[in-house]
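To start, the structure itself, in structure tokens.
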Amino acid sequence: MNSSSSSSTKDSGEQLPLRHLLGIAGLSLTDLVLLIQNAELMCEVLQRDIKKVPTLRGRSVINAFLEPSTRTRVSFELAAKRLSADAVNISASGSSISKGESLLDTAHTLQAMVPDVLVVRHECSGAPHFLARFLPNTAIINGGDGTHEHPTQALLDMLTLKQHFSEMPTGRIIAIVGDVVHSRVARSNILAHLLLGNEVRLVGPPTLVPKELERSYGVGAKVKVFHRLAEGVFGADVIMCLRMQKERMIGHFVPDLDEYSRNYGISSRVLKNNAPTAVIMHPGPLNRGVEITTEVADSSASLITNQVTSGIAVRMAALHVLIANRGGSQKVE
Ligand code: NCD
């Protein structure tokens, strides 16, 4: 199902169950829709007085966040707990990785404790895919790998948009603005939007949004690069702002942040003149006053807190689907 998982998918014909969630790449439209439908079931659980079901009782989830994280780590932990699984968190500084142990040795050690799912965030692109090859008995979820993918972020963004539009987003204009080249969120979002049939516009300076990106999603893919903000967001239904990923930059990509903000920051004026009906998304963390003004971030057009809420439901769905596919989950009741 997932290209790098132990299964493969097609949109029609036989479909092997998803065993890992490594990226949006390799997911079929059917997989994506099923995960979102499952997340909607979870939203219903999260609206109950007692937001907990016994679905994954006796199952265990290890969250190995070997790079900083607030939203993703907390929501994976809450997601596991809402489904009654046992959740354990490890970070790079508090683990033997800080003593020089390799990722594979750490992973073998964790696997020996027989977790059902290992959620991995790692600075190296491909780290979760590497682990999936060596740990076949554990479902691996990619919690963000380098500049590569962040599949649960894209899924929670699709759920947020589905809730906003009251239907799966399709035929919409999506503008992704900012540091696209270093963003795993952008990459997973682009793939998800292309699967759903949306038009994707990538907007930013040539250093952060190179023209070649238009070709990197295949011939005929509806991906277009814009270096002028007004043109790129004109008439957009959705604008996603991205943080400057300084920790992944080698060298200087913009002359200075003030100038960047003047040219590419999303402000009320930019919206009023070019995309008055657009909704605003941001994966967080926000750098207010750089890629987005406080006024826009806190406006009624902003879906930023909805995205955070959707994150728990989507991660519950991912845990549920992967464990169920390995024969280890009860029905959600
Ligand atoms: C993103 C990430 O870590 O890739 N954050 C997140 O998971 N919500 C985006 C970012 O760090 O800018």
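Just so you know, ligand 1 is whichever comes first in the structure, and atom 1 is the first atom listed for that ligand.
- Here the protein heavy atom with the shortest distance to atom 11 (O) of ligand 1 is Arg243 NH2, 2.9 Å.
- Between Pro283 and ligand 1, at least one pair of N/O atoms sits closer than 3.5 Å.
- In this structure, the side chains of Ile141 and Leu319 come closer than 4.5 Å at one or more pairs of heavy atoms.
- If you number the atoms of ligand 1 from 1 as listed, the ones under 4.0 Å from a heavy atom of Val185 come out as 1 (C), 4 (O), 9 (C).
- The two residues Cys43 and Leu159 come nearest to each other via the heavy atoms SG-CD2, 4.0 Å.
- The shortest side-chain heavy-atom distance between Arg121 and Thr72 falls under the 4.5 Å cut-off.
- For ligand 1, the atoms lying closer than 4.0 Å to a non-hydrogen atom of His150 are 2 (C), 4 (O), 6 (C), 7 (O).
- At a heavy-atom distance under 4.0 Å, only side-chain atoms of Gln153, from C-beta outward, approach ligand 1.
- Residues Ile239 and Ile176 fail the side-chain proximity criterion, which asks for heavy atoms closer than 4.5 Å.
- Considering only non-hydrogen atoms, atom 1 (C) of ligand 1 lies nearest to Gly284 out of Gly144, Gly284, Pro285.
- With hydrogens left out, the protein atom closest to atom 4 (O) of ligand 1 is Arg184 NE, 2.7 Å, a heavy atom.
- In this structure, Arg121 has a heavy atom closer than 4.0 Å to ligand 1.
- At a threshold of 4.5 Å between non-hydrogen side-chain atoms, the residues Gln153 and Gln307 count as touching.
- In this structure a side-chain-to-backbone donor-acceptor pair under 3.5 Å is present from Ser69 to Arg73.
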